Structures are given as C-alpha cells and as structure tokens.
Amino acid sequence: MGDNFQNNKTMAPVMMDYDFKVKTQNERSKVEDLFDFEGCKVGRGTYGHVYKARRKDGSDTKDYALKQIEGTGLSMSACREIALLRELKHPNVINLIRVFLSHTDRKVWLLFDYAEHDLWHIIKFHRAAKANKKSVMVPKGMVKSLLYQILDGIHYLHSNWVLHRDLKPANILVMGEGPERGRVKIADMGFARLFNAPLKPLADLDPVVVTFWYRAPELLLGARHYTKAIDIWAIGCIFAELLTSEPIFHCRQEDIKTSNPYHHDQLDRIFNVMGFPQEKDWEDIRKMPEHATLVKDFKRSNYQNCSLSKYMDRHKIKPDSKAFSLLQRLLLMDPNKRITSEQAMQDPYFTEDPPTTPDVFAGCPIPYPKREFLTDDDQEDKSDSKARQNQQQQQPNTQQNQVQANSHDHGANNAKRMRMAGPNQGNNNTGGGQQDFHPQQQMMFGSQQQGGTSQQQGNFQQRFQ
Amino acid sequence: MAGNFWQSSHHQQWILDKTDLIRDRQHDLNILSDEEYQKIFNFFASIIQVLGEQLKLRQQVIATATVYFKRFYARNSLKCIDPLLLAPTCVFLASKVEEFGVISNSRLITTCQTVIKNKFGYAYGQQEFPYRTNHILECEFYLLENLDCCLIVYQPYRPLLLFVQDIGQDDQLLTYAWRIVNDSLRTDVSLIYPPYQIAIAALHIACVMLGKENQKSWFAELNVDMDKIQEIVRSIINLYEMWKSYDEKKEIQGLLAKMPKPKPAPQR
C-alpha cells in the first residue's frame, strides 16, 4: 500500500510530499528493529497477539509486552485503546509505553511493560493444585491485596469517566519479579469507552461485550447503557472466584455470538447462586427491556433455597466474615444499590488483619509459573475468533488435570503449548512444563495446619489445601 | 477523560506557544501572507464542518477533527499532505475516537465526492474529489504519528455548558456562545489556549453582543487570567472582521492555487 499513490496513473494530485514522506520514513522506528520477540508469543485472543520482548540494543534488560492488534489498520477499538491509554496513568492500570505503526503491512503494535502473571492463570493454578490435593503457599493477605488494587485501578478509571466493560480474570495482570513485583495492572481496555457523554446508546455499538460469566444481571436483561455498576459486578465475580477458585456464575455457553443480550442459562445460573431477586430488592427490574421474558421463563419458587451466603458457605467462606459482607455489597442485583469502587475501598475488610500489601505476594516466593510461549500450528485456521474466546473461557473447567497433562491441550485448542527458551530468557530454571505446575508442598507459614480453627477462613492459604 | 484536563496530553503537549507556532509556519508564510494562511484554514474548517454535518456527526466530533487538522499543520507545512486529503482523514479518525460508530469507507468517499461537488464547486470547479479509501487509510497513519497518538481533545463545549448553568440558565446566551465556540475553530485559539478559557471568551463576546451588561460581576469574580481571555476575544473578533471584507467564493481558487503543494518523487 505504501506507494500506491505514486503509481496512480490517474490525474489525482500528489497527495503527499516526497521529501516529507522520506523524512518521516527515516525517523520512524520499526518494532522489529528495536525489539527481539520472534518465537516469544505469550498470548492470543480476539484482541490480537502478545509477545514477550527485549530491547535489541541492550539499553535495558527489562521484559516488555508487545501487542500486535488483530487485523490491519485502525479499527475503532484500536483507536479507543490508543486514545485512552495515551491519557491514563495509574499504578494499577497498564501503561502504554509506545505505539508502532507498521506502514508496509498496516499492523499496529502497542508496547507495554511485561506482566508475568494474570488472575486467569493464577486461579487455574490453584484449581489444578486443589484437584490434586496439593497446597499452594501464598501470603494470607494476597486475595485482599489483589482486590484492593483492582478497586484502586477501577476507581481511577471511573473517576476519569472511563468504563472498562470487559473485566475478567484474564484482564487482571500481576507483575512478576522486578521493581513493581506483585502489583496489579488492569489491562485490555480495547472495549473501554468514555461514558459521561455517550454519543450513541452504548449497546448499539457492539452488542456482546462482556464475557457472560462476569456480566451483570441488568445487561442480561437488556440494559442499553453501561454503567460503573457493571464493572463493579464483574469485580464481585472476580473476588468470589479468588476466594473459591471457581467461577461463581459459571455457565455453559454454546452460542456466544448471539446479538441478543438476554441469556437464559446465564440468568438461571445467577439465580441458582443468588436466589431470585425480591421485588423490594430490585424495584426497577420491572423496567428492564427483557423483564417480560424473565417473567415468562423463570419461576421464583425454583430458587427458594438459593442464596449467596449458602453458596459461599459451601465454599468455606463464612457468612459472618468481612470478606463475605463485602462480596455481598459488590454483588447486589440492583445496580443502583451496588457499592462504588470508592465505598468498597473503605470496607472494614481492608482494615482487619491481615493488612493489604503493595506487593500482593508480600515478598514471599511467587509460586506461579512464568508464561509459556505459544506456537500456532495452524495459523491459517480461520476458526471464528469468538469460538476461540468461548473456548478460552471454558478452559478453567477443562483443565483440572493440567498438572499431569500440562502439555496435552484439549481437543480443538489449536495453540499448542510448549516450553521454549526465548532468545533473551536468562534462566530457564526448570526442564519441562510438568515441574512448573507442581504446587509447592512445604508450608510457608509453619504453624498453620490444615482445617485449622483460624478466623481467616476466606483466605487462599486455607482454600487451596 | 472528562475529569482531568490538567494531566491530559492536550494540556501537557498540545497547548502551544504562539511565537513557536508562528516560527514553525515560516515555510508557508514565505509564500502566503498571514491573512491568506488564515483564509485557507477557514476554508478547510468549512469542509470539515460540512463533511461532518453530512455524515451526521455531532459538533464535538467535528471540533475534534478540526483540532487534529490544525495540530498536523502546526508541525508541518501545508505542502506535506494535501489538506483536501487530510480534512476527511481527520473526520474519519475523530469519528472513531469519539465513538460515533464506524463510518464505512465507501460512505466516507461518497460523502466527500458529493460535498466537494455540491457545496465547494466554487473552489474546485469541475474537478472531482480525487482520493480513494486507500489514500485516506495511508494518510491516517501519518496523521496518527504526527499527533503523537494524542487523540483525546478537550473542547470548550462542556465548560461552556457549566458556565452558563452557573450564570443562570439562559438559552439565548448559550446559543450565541456555542456558535462563537464553533467559529473559534477557524482561528488558532484551540492550539494556544485551554478550552475553558475559550469558553469564557466566547461567553464574554456573547454577552457583549446581547448587551448583557449585568454579567460583568460574574466575569469579575472568575479566577482566570483576563489577559488571556482578552487575547482569545481579539482572535475571534479579528476573524469576524476578516469575514466582513472577504468573499471566499471569489478568492478561494486563487488562494488554493498559491498554496504550497506536495512535490512528487524526483523523476529518473
């Protein structure tokens, strides 16, 4: 595409000055000239590809994340991501360092600091350990610190009139070893949008935006406008998942492509956990666009015995704990009653022991493996990216046996995983993938015994024994 | 990003110094007089405005596109990229950033063709809009680079609404001031002053035009640099003075002919 305006045989005027073009070409750096990242893909999603990268000139030895945006040119979501990240600056929000525009293939690359961990992998690791009756040693305050930093980042976004809209464990990154060790970074703002003056009803733009498991009930009932409360619901879901290592509103989802926001199975799952909302709990539910469908499809009596406290109690989170009480305020069905990020940060949960720490690992060894490099066997596979996403979401369920069968990915998953030493990877400390997934067996806090009478029932250390 | 102008790229990178701005324009000002230069920008601001209206964009989006256009030429000569290509490119980029919804490529080109033919025939005669989608897409990358990826632009409209509320809701005053803000896009003020100051200046002019002398105390109580406000007022009044004695339909062809143009690659 680069030169076609010059080859144009028509009478079109010269659109761009030759000297200007040459000058900007000379000043422009190419991402592949500055960074090594070949064979270092660590992520693949609807958003594009993410590579772990190092500077070629060795001016620093930090790891970077290079995101190649899906497709070519500037899609609206690429524009939004660049526009917003260019302005946002907060310790708990991913920092956009630089944008590379590759004129020859029209690819857009974004350069970020590298985050070694994310909550999807962390929770998956704990699930795997639990399935194998192994314990994972993490500091007692880790879940609390994670939640606090998520809230801090979202509070910053919300106070700048930015909604995330796609909060889920995979989008909550955690920094590995380094100056920002154990710090939460909220990422994947591709869907984020300003919301103080929406120029169009937000629901008109892309009908299906939030992963269903983390979707607030008002969205499932057809709410046309996104709100801060929708992000708060998703944070509640993530908090519950951290406490129990199970996605609280887990639901089979076959037809994720539907443009209809109404989703019977997902609502059924929410009611099975939360109970059917009482009139007094959510008065405006009658005003929801899909209220009639709800009334037609659901019977209150089917959910008589369901409540969040019973659900969490089954997962060993006591209804009188501070963790539970905060969770309940985040997961209120009525969006108008759900607390704000600011209120959540004032919750007594954060003032009781153990205290939160800026490093969520509180200086303890990090038990989680580093990211693996991916190789795509069939890059040409045109399988629908939504189906891929669907699969990704369901992975947490299907990978309980990953400790043993780590290198055998499931059926249709076309990204075969393998351990490889990247060109710059300093210490590839373990031989094969399997060791990496062995949970640490020794107790970090010696006096804590399994099933102990400690008050901190809601804490990772107990949860994953 | 409505919350934080002071930490924005707009405030930190794109409030330019007037003398720097004039210095960076020297290449163009060797060929065009200061007034001719302003008239050319006035013309392309009109193209952006009409294109935006035809595409049913909101004024906020049109204003952002106009500021992109001005920012590009604040750093580059008019000859670097043909402004007739850059103008629709700015509209296209702004519509994506401001979340209007994607304008299809074909709709953009068709709109450019009709607008140039039907509304700006006095400037381009029988000449058709010469560019296609691939030109716009290529130009868009150059635009984004030259904007240094600063895409969120703060506009005077929101502060204006707040100020009018504070004065005591007055629809006539708001309508006048809003139009003056629109007109201010044809001057350099959006490159030099923060949007809230432009809003105050527009209000000031509107009050004078409407003879609302009783608002004087409201302005007096403002904690702003009134010298800056006066500078903005002067820039906008100068624009109105220029309009009085200017017939664009007669002069624009000559101005466009005189405008510095891109040079092709040297022939071998």
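Computed from a predicted structure; not experimentally measured. Within every chain, numbering begins at 1; the chains are lettered A, B, ... in the order of the sequence lines, protein sequences first and strands thereafter.
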Between CG of A:Asp17 and CG of B:Leu78, what distance do you get to the nearest 0.5 Å? 11.5 Å
Determine whether A:Lys89 and B:Gln7 make a side-chain contact, defined as any pair of heavy atoms from C-beta on separated by less than 4.5 Å. no
Rounded to the nearest 0.5 Å, what separates atom NZ in A:Lys21 from atom CD in B:Glu138? 4.5 Å
Are more than 12 heavy atoms, taken from residues, nucleotides or ligands other than A:Glu342, located less than 6.0 Å from that residue's CD atom? no
For the NZ atom on B:Lys261, are there more than 12 heavy atoms of other groups (residues, nucleotides or ligands in this structure) within a distance under 6.0 Å? yes
Measuring from atom CZ of A:Arg98 to atom CG of B:Asp148, what distance do you get when rounded to the nearest 0.5 angstrom? 9.5 Å
Atom CG in B:Leu137, atom NE2 in A:His103: separation rounded to 0.5 Å? 12.0 Å
Structural part of A:Thr72 lying under 4.5 Å from a heavy atom of chain B: neither
If you take all heavy atoms of B:Phe141 and A:Ser102, which pair is closest and at what distance? CE2-O, 3.7 Å
A:Ala83 versus B:Val97, closest heavy-atom pair with distance: CB-CG1, 4.0 Å
Nearest heavy-atom pair of B:Pro262 and A:Met15: which atoms, and what distance? CG-O, 3.9 Å
Atom CG in B:Asn76, atom NZ in A:Lys23: separation rounded to 0.5 Å? 6.0 Å
Excluding sequence neighbours, so at least two apart, what forms side chain to side chain donor-acceptor pair (under 3.5 Å) with A:Asp231? A:His158
Below 4.5 Å from any heavy atom of chain A, which atoms of B:Leu85 appear? Answer side chain, backbone, both or neither. side chain
Just how far is it from atom CD of A:Glu87 to atom CG of B:Leu151, taken to the nearest 0.5 Å? 8.5 Å
If you count heavy-atom pairs under 4.5 Å between each of A:Asp19, A:Leu74, A:Val22 and chain B, which one has the most? A:Leu74
Residue pair A:Arg86 / B:Cys150, side-chain heavy-atom distance below 4.5 Å: yes
Above 12 or not: heavy atoms from other molecules or residues under 6.0 Å from CD of B:Gln12? yes
B:Cys149 and A:Ile82: which non-hydrogen atoms are nearest, and at how many Å? CB-CG2, 3.8 Å
Should the heavy atoms of other residues, nucleotides or ligands under 6.0 Å from NZ of A:Lys56 be counted, would the total exceed 12? yes
Report the relative orientation of the aromatic rings in A:Phe20 and B:Tyr142; use parallel for angles under 30°, tilted for 30 to 60°, perpendicular for over 60°. tilted
With sequence neighbours excluded, give me every ring-ring contact (aromatic ring centres under 6.0 Å, His included) pair touching residues 74-97 of chain B. none
Report, as yes or no, whether the 6.0 Å neighbourhood of atom NZ on A:Lys107 holds more than 12 heavy atoms from other residues, nucleotides or ligands. yes
